Amino acid sequence: MIGRLLAAEGMVILSTPLPACMMIGDMRILVLGGTRFVGRVFVEEALAQGHQVTTFNRGQTGHDVPGVEAVRGDRENRSDLPSLVQGREWDWVVDTSGYVPQIVGNAARLLSGRASAYVFLSTISVYPGWPAEQVNEDSDVYDCPPDAPGTAEDEANWSAAQYGAYKAGCERAVQEAFEGTVTVLRPGVILGPQENVGRLTWWLRRIAQGGRVLAPSQPTKSIQPVDIRDLSAFTLRCLQHRTTGVFNVTAPQGHATFGSMLDACRKVTGSQAEFTWVDDSFLVEHDVRQWTEIPLWRTPEGTWAVDSTKATAVGLTCRAIADTVRDTHTWLKESGGPSAYDRQSHHGLLREREDELLKIWDRRYSRDIVP
Ligand SMILES: NC(=O)c1ccc[n+]([C@@H]2O[C@H](COP(=O)([O-])OP(=O)(O)OC[C@H]3O[C@@H](n4cnc5c(N)ncnc54)[C@H](OP(=O)(O)O)[C@@H]3O)[C@@H](O)[C@H]2O)c1
């Protein structure tokens with residue numbers, strides 16, 4: 001609705017002042033999105049490297065990053081993108097807000113000839129085999145047509161299969177429609193400052209409260225979240241080096257463990273929390289919702305066995321999980337946390353449920369039971 005009003009009144013373009021310390025760079029980048037998490041941090045990184053950035057969004061989510069040229073519009077509205085591209089061009093496009101193939105294809109078509117490279121932010125959910133099995137870039141992806149229609153209005157509540165299938169269709173749409181260099185990035189879980197989903201932020205808040213904390217599975221369990229700043233640096237690197245193709249983007253297997261993540265949370269929060277590691281089978285038996293009720297906990301073998309060696313070979317580097325945890329904590333303290341997002345309410349174990357599960361666990365294993 002807002003997009004329509006704006007379109008009727010002509011495109012709104014806002015320029016926010018560029019901080020004096022930033023030089024005007026040599027590349028002009030259009031970010032479709034750019035105000036929430038993935039796009040936002042990418043924009044910050046691109047500006048810090050001295051590039052010129054235009055962001056395109058409706059002005060509903062978050063705030064513009066200082067230094068961007070902000071153009072308002074709705075990519076689902078037929079006339080807003082044509083107005084954006086009228087008489088303008090960029091070197092690179094980074095699409096962080098594509099969920100519906102037909103809409104993504106429209107953007108890729110319109111931007112052909114107006115930019116030389118297009119990076120599409122996809123996801124490892126494009127593999128129907130994930131998380132049951134280990135996936136690499138040659139694994140099967142969902143079979144979704146590149147012109148599948150729809151709206152992303154309710155994207156935060158889509159099932160994993162709908163999200164993954166549509167993202168696969170979006171990838172095809174860009175590959176078919178964009179005339180130029182196309183790079184498709186398929187991140188796994190992305191963490192770091194400004195995270196909006198409520199994964200690491202939930203763990204930090206829970207551990208800060210102290211007491212006995214139900215920790216899932218084993219402390220040695222390998223996890224592979226990628227820090228948003230490493231993903232952003234990799235995206236820029238792909239553009240600078242004209243790296244084309246499809247890449248899984250996760251930390252390497254064995255880079256971090258659940259235990260190291262939770263220990264880092266305890267350290268940065270100064271908490272005295274005591275972790276009680278509870279078996280997968282117990283959590284499954286008690287119907288704990290995987291991935292969301294206990295954020296980042298999931299049992300299938302392939303969850304944290306994503307092959308990202310292809311990205312590593314072309315320059316993806318990943319910082320230590322302790323750095324991600326520390327900086328996310330600092331950001332949480334300073335900012336009060338992310339803006340509202342529907343998926344946040346799906347995440348986190350209620351305190352009463354946690355206490356109840358720990359009681360049952362104790363009874364089963366006779367922990368602390370006085371004879
Ligand atoms: N979080 C993860 O762990 C994870 C993992 C894998 C992949 N990903 C991918 O990362 C991306 C998520 O990035 P993000 O949401 O953090 O990106 P972002 O670019 O920071 O935020 C989304 C942007 O899209 C804009 N937008 C939404 N609908 C729009 C529309 N109809 N027209 C124009 N602009 C619109 C929003 O602004 P307005 O609302 O103001 O328009 C906002 O600026 C997605 O592509 C997701 O599939 C995320």
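Both counts, for ligands and for their atoms, begin at 1 and track the order of listing. Owing to the predicted nature of the structure, the values given are computational and were not obtained by experimental measurement.
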Discussion item. Does any N or O of ligand 1 fall below 3.5 Å from an N or O anywhere on V38, backbone included?
Written reply: yes
Worksheet item: Under 30°, 30 to 60°, or over 60°: which ring-plane class applies to W361 and Y365, parallel, tilted or perpendicular?
Response: tilted
Worksheet item: Which atoms of ligand 1 sit under 4.0 Å from any heavy atom of Q60?
Response: 38 (P), 39 (O), 40 (O)
Practice prompt. Below 4.0 angstrom from a heavy atom of D74, which ligand 1 atoms are there? Numbered from 1 as shown, please.
Written response: 30 (C), 31 (N), 32 (N)
Worksheet item: Looking only at distance, does F37 have an N or O less than 3.5 Å from an N or O of ligand 1?
Response: yes
Fill in: Side-chain H-bond candidate by donor/acceptor type, Q272 with R266, under 3.5 Å
no
Worksheet item: In terms of ring plane angle, is the pair W291 and W304 parallel, tilted or perpendicular, where the classes change at 30° and 60°?
Response: tilted
Worksheet entry | Atom indices of ligand 1 within 4.0 angstrom of R40 heavy atoms, with elements | 20 (O)
Worksheet item: Strictly under 4.0 Å, does any heavy atom of R199 approach an atom of ligand 1?
Response: yes
Worksheet item: Based purely on interatomic distance, does R58 place a nitrogen or oxygen under 3.5 Å from a nitrogen or oxygen of ligand 1?
Response: yes
Item to complete: Could you pull out all residues at least two apart from E137 that satisfy salt bridge (Lys or Arg N to Asp or Glu O under 4.0 Å)?
Response: none
Practice prompt. Decide whether the shortest distance between a heavy atom of G62 and an atom of ligand 1 is less than 4.0 Å.
Written response: no
Worksheet item: So is S122 in contact with ligand 1, going by heavy-atom distances below 4.0 Å?
Response: yes
Practice prompt. May I ask you to check whether V189 has an N/O atom sitting below 3.5 Å from an N/O atom of ligand 1?
Written response: no
Fill in: ligand 1 to I190 polar contact by distance, N or O atoms, under 3.5 Å
yes
Item to complete: Pick whichever of T250, L231, V249, V197 has a heavy atom sitting closest to atom 1 (N) of ligand 1.
Response: V197
Worksheet item: With sequence neighbours left out, what residues match Y142 under ring pair (Phe, Tyr, Trp, His ring centres under 6.0 Å)?
Response: none
Worksheet item: Quick one: which of T61, V43, L84 has a heavy atom closest to atom 38 (P) of ligand 1?
Response: T61
Worksheet entry | Row check, F258 ring normal vs K221 NZ/CZ: under 6.0 Å, within 45° | no
Practice prompt. For S97, take its heavy atoms, then give the atoms of ligand 1 lying under 4.0 Å from any of them.
Written response: 24 (O)
Discussion item. Tell me whether ligand 1 is touched by Y99 - counting only heavy atoms on the residue side and a distance under 4.0 Å.
Written reply: yes
Practice prompt. Could you tell me if any non-hydrogen atom of E195 lies under 4.0 Å from any atom of ligand 1?
Written response: no
Fill in: D323/R229 ion pair, N-O < 4.0 Å
no
Worksheet item: Do N196 and ligand 1 have an N or O pair less than 3.5 Å apart?
Response: no
Worksheet item: Looking only at heavy atoms, which two atoms of T183 and T243 are closest? And how far apart?
Response: OG1-O, 2.7 Å
Worksheet item: Taking distance alone, with no angle check, do L32 and ligand 1 share an N/O pair under 3.5 Å?
Response: no
Discussion item. Please evaluate residues R75 and S97 with respect to the criterion side-chain hydrogen bond (donor to acceptor under 3.5 Å, both in side chains), reporting the C-alpha separation (whole Å), side-chain torsions for both, the decisive distance (0.1 Å), and the verdict.
Written reply: CA-CA 9 Å; R75 65 185 299 172; S97 60; 2.8 Å; yes
Worksheet item: Any side-chain donor paired with an acceptor under 3.5 Å for R289 and T292?
Response: yes
Worksheet item: Please walk me through it: do R88 and E69 pass salt bridge (charged side-chain N to carboxylate O under 4.0 Å, His left out)?
Response: CA-CA 13 Å; R88 315 168 87 225; E69 175 200 35; 2.5 Å; yes
Worksheet item: Does A152 reach ligand 1, in the sense of a heavy atom lying below 4.0 Å from it?
Response: no
Discussion item. Out of all atoms in ligand 1, which are within 4.0 Å of some heavy atom of L121? Include the element for each.
Written reply: 45 (O)
Discussion item. Within the 4.0 Å heavy-atom shell around G39, which atoms of ligand 1 are there?
Written reply: 17 (O), 18 (P), 19 (O), 20 (O)
Worksheet entry | Which of the ligand 1 atoms, numbered from 1, are nearer than 4.0 Å to a heavy atom of Y163 | 7 (C), 8 (N), 46 (C), 47 (O)
Item to complete: State whether a side-chain donor-acceptor pair under 3.5 Å links S260 with T257.
Response: yes
Discussion item. Can you classify the ring geometry of Y99 versus Y163 as parallel (below 30°), tilted (30 to 60°) or perpendicular (above 60°)?
Written reply: tilted
Item to complete: Please state which part of R186 comes within less than 4.0 Å of ligand 1, counting heavy atoms only: side chain, backbone, both or neither.
Response: neither
Discussion item. Show the atoms of ligand 1 that are less than 4.0 angstrom away from any heavy atom in K167.
Written reply: 44 (C), 45 (O), 46 (C), 47 (O)
Practice prompt. Answer yes when R186 and E171 have at least one side-chain N-carboxylate O distance shorter than 4.0 Å, and no when they do not.
Written response: yes
